[in-house]
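Quick note: residue numbers are just sequence positions, from 1.
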Amino acid sequence: MSDAEHEQGSQSVLSNASAKAENDNDNFKDDSVEHNGYIEMPKKSAGAYATISILCCMIGFGGFIAGWDTGTIGGFMGHPDFMRRFGQKRRDGTHYFSNSRTGLIVSIFNLGGCIGCLTLNNLAGRVGRKKALVIVVIIYMVGIVIEMASINKWYQYFIGRIISGMGVGAISIFSPMLLSEVSPKHLRGTLGSVYQLMVTFGIFLGDCTNYGTRHKHNSSQWRAPLGLSFAWALFMIAGMSFVPESPRYLLEIGKVEEAKRSVGTSNKLSADDPAVQCEVDLILANIEAERLAGSASWPELFSTKGKYVQRLLMCCVLQSLQQLTGINYFFYYGSTVFQAASLKDPYETAIVFGIVNFASTFVAFYVVDKFGRRKCLMWGAAAMVCCFVVYASVGVKRLYPEGRKHKEITSKGAGDCMIVFSCFFIFSFACTLAPICWVVVSETFPLEIKPKGMALANGSNWLWNFLISFFTPFITGAIDFYYGYVFMGCILFAYFFVFFFVPEMKGLTLEEVNELWEEGVLPWKSPDWVPSTRRDANMDMNALQHDDQPMYKKVFGFSK
């Protein structure tokens, strides 16, 4: 925008949005800016946020624990010693895992995660985010001990996985929650993505560990990775002693000075800086307003007050769609595709996918705060639909042209094509839906319903994870690659769902996100919205709350 245009004082919403974008993208600004009495938090050079970035990696390490289990359990199912101890025995004396036992052992961890979300969510409000993380990591460790102590009873290992899953399910609430509350607002998307980065890192290292133990012939094949699980948990507990507590929790319990230090640590400022005081005052005002409204009960989550039920449904559907993209289907069926391309070792298959998954997540660090949540989610969904069209069609028509059950006819060229599009799919998922769903859920709910809302939303993710993990062996055995068309339809739905129901929250404080929801701004117009502390009298709120344009113009961006 030129100086002349700026001086004209245009009354359009776009003018306000442009000013907002200029403020959001100024990464080297080091002076506080005042808007209507509100002192904007100064933005510094990227190097100034090295400390908080490292601390956020410690918080996000909970994702590593979840990813480690995903990366190791698939390898366990193929280890001879594990199969001999916990599998079933044929008449000829060989051991195997039936589809049902495979599904139960692998997926019960996810059901435990759902239970953990629903039963442990209140810990964060009672003892604080940091202590809550330590407690649920200890619960995870108890489950690991039970698994390691299992000798030849599969149900003992099964029980251990339920308990460890409960701990990881609760971690999936508290880790993104603390990340969202200690991150500087203009880096919240980037630092919030650390959780998913750690998930992919855990998957990758878990795959590598399985590869390293594959030639052993005793219980160290699977007990060594479990022992490392215990070590990772201890590392995370130690790391929690260095990270700052949530300033919102500290203000809830009356520790104002500690809250100032926490905000100052996150933004590389002293505790008595005017911008820090203004941020604390804003959080306090929001807390007082929520106290006057009273503590929200479970039934209130489903009320329209404060648009609670709209937020809840948006987050639950979004987290469900993260699993319904079919990412676990890709990891499950990947070995079949790679075998068709003459890559016989399933451990190598897992490592290739793990590398792509891990490396792609770094892209999310750039795109989530550069382009915003909505654009990334929609472009990611569009790319994944294209990948599934090719993947499923080639699999059905070329990889097994006469049906896998009737005649083993494979095409190396088809396998090569599917490998490429498998990697494209994982790239599209890892830099969009994978991290951004956790970010959106962590910043959507107000404090009074945040633990409960995140519990139900993340519980939806774990529940669908369980269902897909359990039923995929049966479904793929029945319909092969036609299963891909089911996921393609889910992703296509995800594109339109994001457009119509997910607002843009880039560059807003958590209190401003709450204001965005309460003002009833249409999601596809939310990128143009400006908070009350930064807007002027020319902003047309009616234009942001109503839209009479035809639907095709809304969806395809022909008009604002």
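Without hydrogens or angle criteria, Asp369 side chain to Gly189 main chain gives a donor-acceptor distance under 3.5 Å. The main-chain N or O of Ala275 is found under 3.5 Å from a side-chain atom of Asp273 such that the two form a donor-acceptor pair. In this structure, the side chain of Ser246 does not engage the main chain of Glu181 through any donor-acceptor pair within 3.5 Å. Listed for the Asn458 side chain is a donor-acceptor partner under 3.5 Å among the backbone atoms of Ser172. The backbone N or O of Pro523 lies less than 3.5 Å from a partner atom in the side chain of Ser526, making a donor-acceptor pair. A side-chain donor-acceptor contact under 3.5 Å links Arg129 to the backbone of Ala124. When atom types are taken as modelled, the side chain of Gln545 and the backbone of Glu519 share a donor-acceptor pair closer than 3.5 angstrom. Remark: the backbone N or O of Ile203 is not paired with any side-chain donor or acceptor of Thr70 at under 3.5 angstrom. Side chain of Glu512 to main chain of Pro531: no donor-acceptor pair is present (N/O by atom type, distance under 3.5 Å, no hydrogens or angles). No donor-acceptor pair under 3.5 Å is formed between the side chain of Lys452 and the backbone N or O of Asn121.
Here the CG atom belonging to Leu178 is positioned 12.5 Å from the CD1 atom belonging to Ile171, to the nearest 0.5 angstrom. A distance of 11.5 Å separates CG of Asp272 from CZ of Arg261, quoted to the nearest 0.5 Å. Here CG of Leu318 is found 6.0 Å from CG of Leu377. Values are rounded to the nearest 0.5 Å. To the nearest 0.5 angstrom, Trp438 atom CH2 is 8.0 Å from Met454 atom CE.
Annotation for Phe497: atom CZ counts as buried by contact number, over 12 foreign heavy atoms lying within 6.0 Å. For Trp464, the CH2 atom sits in a loose shell: 12 or fewer heavy atoms of surrounding residues, nucleotides or ligands are nearer than 6.0 Å.
None of Arg188, Lys185, Arg311, Lys506 except one satisfies the salt bridge (charged side-chain N to carboxylate O under 4.0 Å, His left out) rule with Glu443; the exception is Arg188. Tested against Pro503, the residues Arg373, Met314, Lys525 include a single side chain to side chain contact (heavy atoms under 4.5 Å, CB included) partner, Met314.
Ring geometry for Phe365 versus Phe362: interplanar angle over 60°, hence perpendicular rather than tilted (30 to 60°). Note: Phe499 and Trp524 have parallel aromatic rings, judged against thresholds of 30 and 60 degrees for the angle between ring planes.
In this structure, Lys450 and Ser180 approach most closely via the heavy-atom pair NZ-OG, 3.2 Å.
Residues Thr509 and Glu279 have side chains that never bring a donor and an acceptor to within less than 3.5 angstrom of each other.
Looking at Pro446 and Glu511, their side chains never come closer than 4.5 Å, going by heavy atoms from C-beta outward.
One finds no salt bridge joining Lys305 and Glu518 here, because no Lys/Arg side-chain nitrogen approaches an Asp/Glu carboxylate oxygen to under 4.0 Å.
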